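Some notes on the structure that comes next.
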Amino acid sequence: MDYESVPVTGQDQLGLFVRDLALCLSVHRDRSPALVWPDGVDAVLVGVCGVPRQRTDAGANEARPDTAATGLGELTAALGSQLGCEVGGSFVVLPTGGQSTGTTSGTDLVLLPVRGSCGGRVERSPSGEGTAVLDRALELRLRVGEALYVPRGFRYTLNDAHSPCTLLVLALHPLAW
């Protein structure tokens, strides 16, 4: 008997994306930066930014029926519900050759490239805030479809944008009682 997976459509794609981020954060939250390739990212990119994921594989330009539109409000609400926190979203645009200087995050962040790619560096802040396990800087290249978790109190720099790069920044704020 053959078992084939049932294609996941619409809202389920958002659920997969949120689930994968939540699993990543369950391990790394408040400890270390992490890079994750969440399922359902295509639906999030189409819904939030209105653009298909930039891929080079066969069929990349074909319309995909399983990429239901998901707005930024729907994404932040679903993620906030799953994580038990308030989630805000904003965009950062780096022009070709652009960079951001070392920014220390005041809250947990998830950086999600939605167009282009850029280099990134994450390191503990000079004050050594938090209970991090990172003992040296993490340098990487962020591409569409990847999500980088930056814990509160870590410094991050974005650089090496070979073409214009747009990132969705999700800020995870603890609930205030």
Side-chain angles (χ1 to χ4, degrees), residues 4-94 105 107-122 132-134 138-152 154 156 158 161 165-174:
E4 291 185 22
S5 63
V6 175
V8 180
T9 60
Q11 184 67 21
D12 295 329
Q13 288 290 313
L14 174 61
L16 290 172
F17 180 84
V18 167
R19 179 209 63 196
D20 281 2
L21 281 182
L23 286 171
C24 174
L25 294 175
S26 71
V27 173
H28 295 280
R29 200 162 193 182
D30 297 327
R31 291 182 199 93
S32 66
L35 187 64
V36 63
W37 295 265
D39 278 338
V41 71
D42 290 329
V44 170
L45 294 177
V46 168
V48 172
C49 305
V51 295
R53 181 173 170 189
Q54 299 166 351
R55 301 182 307 199
T56 58
D57 59 340
N61 295 323
E62 296 174 11
R64 296 192 47 191
D66 63 345
T67 53
T70 303
L72 183 56
E74 196 176 346
L75 169 62
T76 57
L79 191 57
S81 175
Q82 179 72 31
L83 297 175
C85 65
E86 291 182 25
V87 179
S90 62
F91 291 92
V92 171
V93 178
L94 290 177
S105 64
T107 190
D108 290 345
L109 299 175
V110 176
L111 307 176
L112 180 71
V114 295
R115 287 184 197 234
S117 66
C118 66
R121 178 182 175 95
V122 181
V133 297
L134 187 68
L138 171 67
E139 296 198 36
L140 49 96
R141 182 127 197 108
L142 287 171
R143 294 176 177 83
V144 172
E146 301 172 342
L148 175 65
Y149 166 65
V150 179
R152 176 181 50 86
F154 275 70
Y156 70 94
L158 302 173
C165 178
T166 303
L167 294 103
L168 171 58
V169 179
L170 299 171
L172 314 176
H173 304 285

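Given the structure is predicted, the values throughout are model-derived calculations rather than measurements.
- Note that CG of Leu140 and OG of Ser117 are 11.5 Å apart. Values are rounded to the nearest 0.5 Å.
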I'd like to know whether Leu148 forms a side chain to side chain contact (heavy atoms under 4.5 Å, CB included) with Tyr156, so could you lay out the CA-CA distance, the side-chain angles of the two residues, the decisive distance to 0.1 Å, and finally the verdict. CA-CA 11 Å; Leu148 175 65; Tyr156 70 94; 6.0 Å; no
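- Note that CG of Leu45 is 11.0 Å distant from CD of Gln13, once rounded to the nearest 0.5 Å.
- Between Val92 and Leu111 the shortest side-chain heavy-atom distance does not fall below 4.5 Å.
- Heavy atoms only, all atoms of each residue included: Ser26 and Arg31 are closest at O-NH1, 3.9 Å.
- Between the OH atom in Tyr149 and the CG atom in Leu170 there is a gap of 12.5 Å [rounded to 0.5 Å].
- The minimum heavy-atom distance between Val36 and Asp20, with the atom names listed, is CG2-O, 4.3 Å.
- Minimum heavy-atom separation, Phe154 to Pro33: CE2-CD, 3.8 Å.
- With rounding to the nearest 0.5 Å, the separation of CG in Leu25 from CG in Leu79 is 7.5 Å.
- Residues passing the side-chain contact (heavy atoms from CB on, under 4.5 Å) test with Ala22 are Gln82, Leu83, sequence neighbours excluded.
- The line from CG of Asp39 to CG of Leu23 is 10.5 Å long, rounded to the nearest 0.5 Å.
- Thr107 pairs by the side-chain contact (heavy atoms from CB on, under 4.5 Å) definition with Leu109, Ala171, His173, Pro174, not counting sequence neighbours.
- Across all their heavy atoms, Gly89 and Thr76 have their closest contact at N-CG2, 4.1 Å.
- For Leu14 against Ala78, the heavy-atom pair with the smallest separation is CD2-CB, 4.0 Å.
- Closest heavy-atom contact between Arg29 and Cys85: NH2-SG, 3.9 Å.
- Checking side-chain atoms of Thr166 against main-chain N and O of Gly116 turns up no donor-acceptor pair under 3.5 Å.
- To the nearest 0.5 Å, the span separating CG on Leu35 from CG on Leu138 amounts to 8.0 Å.
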